[in-house]
Amino acid sequence: TSANPYPWASGAEAWEPLSPELLGPARFALDAYNRGRAAGTRAGLGAVRGRVRRASRGSLYSLEATLEESACKDPMVCQLPVSKKTLFCIFEVLEELGKHTLLRRDCGPVDTKVTDLRNETFNSVLPLSSKDPLPEEFSMKMISIFKNFVATYNRTYESKKEAQWRLSVFTRNMVLAQRIQALDHGTAQYGVTKFSDLTEEEFRTIYLNPLLREEPGKKMHLAKAVRDP
Amino acid sequence: APLEWDWRKKGAVTEVKNQRMCGSCWAFSVTGNVEGQWFLNRGTLLSLSEQELLDCDKMDKACMGGFPSNAYLAIKSLGGLETEDDYSYQGHMKACNFSAKKAKVYINDSVELSKNEQKLAAWLAVKGPISVAINAFGMQFYRHGIAHPLRPLCSPWFIDHAMLVVGYGNRSNVPFWAIKNSWGTDWGEEGYYYLHRGSGACGVNIMASSAVVD
């Protein structure tokens, strides 16, 4: 897949809360996740949001979902009421001629402590749902950070429309960076970088190397281990 | 392996370069490795040409991506690498303009390295910087510090970016790899990415390799 060079012109890539259109791919992703799991241990869908990119032969759905699953794998052993485990998942589902294919499934447990902290951060600073109107204070703050970004990295945009689009991408990216921050176990800091006005697809297409995940490279022979001199 | 190691302090690493709007990380990862191997075996640090690989390595796909393993073969079959000054970076593919007369370095072979991070550290300390490829999850927004993304978010099976490991150590008891990137010095820590060491974070141990200079 290649990035749409003028995404601000189509507006087709906005993240949306679960809509009837996203329901099918979300259910398919959930079924794929639950495949092989015994009844009673299957996960259920929590919050879902997603976006769709359409091509001539099909559509690519990118979904972010929370899944709730029972922390108890064996109901015969777990007598006490068991708590639920929350997972955060990223799915990519390709729909071609009515057939779904799961291209990506990245799921990880969301630590309750982390979730609470993250929600607190998001609720106080960043509204999560793209449908919620942005609080005025937040919008002003984002515009100010975006202006700084534009000046720092010497960005120029072709039109006001593109600048507006880039601001919305930048804002979404700031939310995403906070999420990545909350889910990082190390000491790394995530935030504004020179790539902050690019969509994930643009960034992947322009700067990364998709071949590495698609094909095996030429086989090389193994190096001999080094010895302590 | 020693507790820490940094080839930058020993003069084996050239300045951070910038691949610009081109998926040529594989070429930068390989030239960085060959620069280190040449320095360690011949004592001279030369900045080598990625553009030569973009234009002349027909097994790879220039700005659309490539493999370090293919690039080593291309360098071998072409007859070496020219320097950055002689064959400068353009950020897009052009006709191959390699001249064997201008080649300043050669390689004899290439090897795949262990997936054990302790053994990788030992190899690095003795032999030089290592070409690696990782899952670049989160790097779009990375500023500084030691990245350690949740494993399911940074799966070793979704490798999509090649870089160069130049050292390792610990910061406040957190073990890290120091990794040279090719996105310019205005990204990360002066162009470097620090990634957790010892947990297979983002698949850093999956595709480690090096050229061999005799």
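Every heavy atom of this structure was used, including side-chain atoms; hydrogens, water molecules and symmetry mates were not. Numbered from 1 within each chain, the chains take letters A, B, ... in sequence-line order. This structure is a prediction, so every number in the text was calculated from the model and none was measured.
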* With a cut-off of under 6.0 Å to the ring centre and 45° to the axis, is Arg171(B) in cation-pi contact with Tyr194(B)? -> yes

* **Heavy-atom contact with chain A under 4.5 Å, split by part of Asp109(B)** => side chain

* To do: Sort and list the pairs that fulfil disulfide (SG to SG under 2.5 Å) and have at least one residue in residues 125-206 of chain B, not counting sequence neighbours.
  => Cys154(B)-Cys202(B)

* With a 4.5 angstrom heavy-atom cut-off, which part of Cys25(B) approaches chain A: side chain, backbone, both or neither? -> side chain

* Asked: Using a distance-only test with no angle check, is there a side-chain donor-acceptor pair under 3.5 angstrom linking Tyr61(A) and Glu95(A)?
  -> yes

* Criterion side chain to side chain donor-acceptor pair (under 3.5 Å) against Asn33(B), the qualifying member of Ser209(B), Ser210(B), Ser131(B) -> Ser210(B)

* **Heavy-atom contact with chain A under 4.5 Å, split by part of Arg20(B)** => backbone

* **Proximity of residues 72-79 of chain B to chain A, residues having a non-hydrogen atom under 4.5 angstrom** => Tyr72(B), Leu73(B)

* Structure fact -> Applying a strict 4.5 Å limit to non-hydrogen atoms, the region of Lys219(A) in contact with chain B is side chain

* To do: Quick one: sort the Tyr153(A) and Phe149(A) rings into parallel, tilted or perpendicular, breaks at 30° and 60°.
  => tilted

* How are the rings of His148(B) and His185(A) set relative to one another: parallel (under 30°), tilted (30 to 60°) or perpendicular (over 60°)? -> perpendicular

* Leu208(A) versus chain B, heavy atoms under 4.5 Å apart: side chain, backbone, both or neither? -> both

* To do: Please flag which part of Tyr207(A) lies under 4.5 Å from any non-hydrogen atom of chain B: side chain, backbone, both or neither.
  => both

* Contact part of Ile90(A) toward chain B, heavy-atom cut-off under 4.5 Å: side chain, backbone, both or neither? -> side chain

* Asked: Can you tell if the side chain of Tyr192(B) reaches within under 4.5 Å of the side chain of Ile179(B), non-hydrogen atoms only?
  -> no

* Does Lys17(B) make a cation-pi contact with Trp183(B) (under 6.0 Å, within 45 degrees of the axis)? -> no

